[in-house]
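One-based numbering, in listed order, for ligands and for the atoms of each. Fair warning: this is a prediction, and the values are worked out from it, not measured in the lab. We count residues from 1, following the sequence as given. Just so you know, these numbers use all the heavy atoms, side chains as well, and skip hydrogens, waters and symmetry mates.
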Amino acid sequence: MLDIGCSLLGWDLFNVDTVQTHHGRTVPVITGIKRANADFIGIAYMGDGGGYAIGSQHLVNAASRNERITVLLVNNTQYGMTGGQMAPTTMPDQKTETSPYGRDAEITGSPTQGPEMVAAISSDTAYVARGTVANPKQLKKYIKKALENQMAGNGFSFVEALALCPTNWRTNAVDTWKFLEEDMYKYFKVGELKVPGPREREGE
Ligand SMILES: Cc1ncc(C[n+]2csc(CCOP(=O)(O)OP(=O)(O)O)c2C)c(N)n1
């Protein structure tokens with residue numbers, strides 16, 4: 001299931017059945033398909049604009065309902081396909097097409113912490129992680145665990161991948177990796193946030 005955005009290029013990259021949705025509507029559409037076909041492995045693949053802006057309510061509701069789907073969300077800190085507008089993940093002072101003087105966090109808020117939000121609202125059987133394209137081995141492991149969690153029938157699984165967008169960042173090769181590994185890592189912590197199993201609470 002591919003959202004509108006650069007993620008739709010997945011058509012050409014993955015040898016799986018795909019459906020294209022309206023921007024931000026990948027989660028409800030794959031939820032419907034999965035509910036009607038319990039044996040399917042349902043993946044909603046989208047950008048940060050699709051998942052945290054126009055489709056945020058779907059993400060929240062699907063995570064709360066513990067839908068048996070896997071959401072893969074690519075965080076490149078802006079709207080890639082449409083030319084680099086500010087997204088919920090845009091960092092303070094980051095320049096984009098719609099924040100040419102840098103994002104003013106006092107007026108527009110600070111970057112959305114997607115996996116942290118999903119971890120907070122999802123059930124004990126959810127899987128939640130944030131990986132990075134700078135560490136493909138780890139990212140692959142997280143995606144595998146997310147898919148295994150769905151296949152085991154446990155519930156919702158969510159992986160955010162920190163990714164590059166040199167075209168809109170207007171960075172050369174060196175600065176592209178610096179932007180990811182220095183700037184983005186300051187705001188977005190890589191690692192697993194929730195692995196299935198009962199959570200221990202204070203006093204229990
Ligand atoms: C309902 C709707 N609103 C707006 C658009 C225009 N649009 C297409 S892609 C996009 C942004 C994509 O950004 P993101 O979801 O972050 O994905 P990326 O391209 O960065 O991977 C927008 C606003 C649209 N196609 N449909």
N/O to N/O below 3.5 Å, does that happen between [X] and ligand 1?
| X | answer |
| --- | --- |
| T82 | no |
| C6 | yes |
| I4 | no |
| D3 | no |
| G50 | yes |

Using only heavy-atom distances, determine whether the side chains of [X] and [Y] contain a donor-acceptor pair under 3.5 Å.
| X | Y | result |
| --- | --- | --- |
| S157 | T70 | yes |
| Y52 | E160 | yes |
| T112 | D48 | no |
| Q150 | Y127 | no |

ask   = With a 4.0 Å cut-off on heavy atoms, does V74 reach ligand 1?
value =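 It does not; every heavy atom stays at 4.0 Å or beyond.
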
key: Heavy atom of T89, distance to ligand 1 below 4.0 Å   =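 Contact absent.
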
request  = Give me the ring orientation class for H23 and Y79: parallel if the planes are under 30° apart, tilted from 30 to 60°, perpendicular past 60°.
outcome  =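 H23 vs Y79 ring planes: perpendicular.
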
inquiry  = Minimum heavy-atom separation for G155 and N66, please, with both atom names.
reply    =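 Looks like CA-OD1, 3.4 Å.
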
message = If you compare all heavy atoms of D175 against all heavy atoms of N172, which two are closest, and at what distance to 0.1 Å?
response =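 Minimum heavy-atom contact is N-OD1, 2.8 Å.
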
Distance-only criterion, 3.5 Å: show the donor-acceptor pairs between side-chain atoms of residues 39-47 and protein atoms not counting sequence neighbours.
none

note = Candidates H22, M81, H23; heavy atom nearest atom 2 (C) of ligand 1 found on H23

Identify, for [atom], the protein heavy atom at the shortest distance, and state residue, atom and that distance.
| atom | value |
| --- | --- |
| atom 17 (O) of ligand 1 | G47 CA, 3.6 Å |
| atom 20 (O) of ligand 1 | G80 N, 2.7 Å |
| atom 14 (P) of ligand 1 | G49 N, 3.6 Å |
| atom 1 (C) of ligand 1 | I54 CD1, 3.8 Å |
| atom 13 (O) of ligand 1 | Y79 CA, 3.5 Å |

task = Mark yes when over 12 heavy atoms from residues, nucleotides or ligands other than N37 sit less than 6.0 Å from its CG; otherwise mark no.
result = yes

inquiry  = Looking at A163, is its backbone amide N or carbonyl O close enough to the side chain of N76 to form a donor-acceptor pair, meaning the two atoms are under 3.5 Å apart?
reply    =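 No, because the side chain of N76 does not come within donor-acceptor range (under 3.5 Å) of the backbone of A163.
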
request  = Please identify which atoms of ligand 1 are closer than 4.0 Å to at least one heavy atom of N76.
outcome  =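 Listed by number with element: 20 (O).
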
ask   = Looking at D48, which atoms of ligand 1 are within less than 4.0 Å of one of its heavy atoms?
value =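 Contacts of ligand 1 toward D48, numbered from 1: 16 (O).
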
query = If you measure from each non-hydrogen atom of Q78 to ligand 1, which part falls under 4.0 Å: side chain, backbone, both or neither?
reply =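 Backbone only.
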
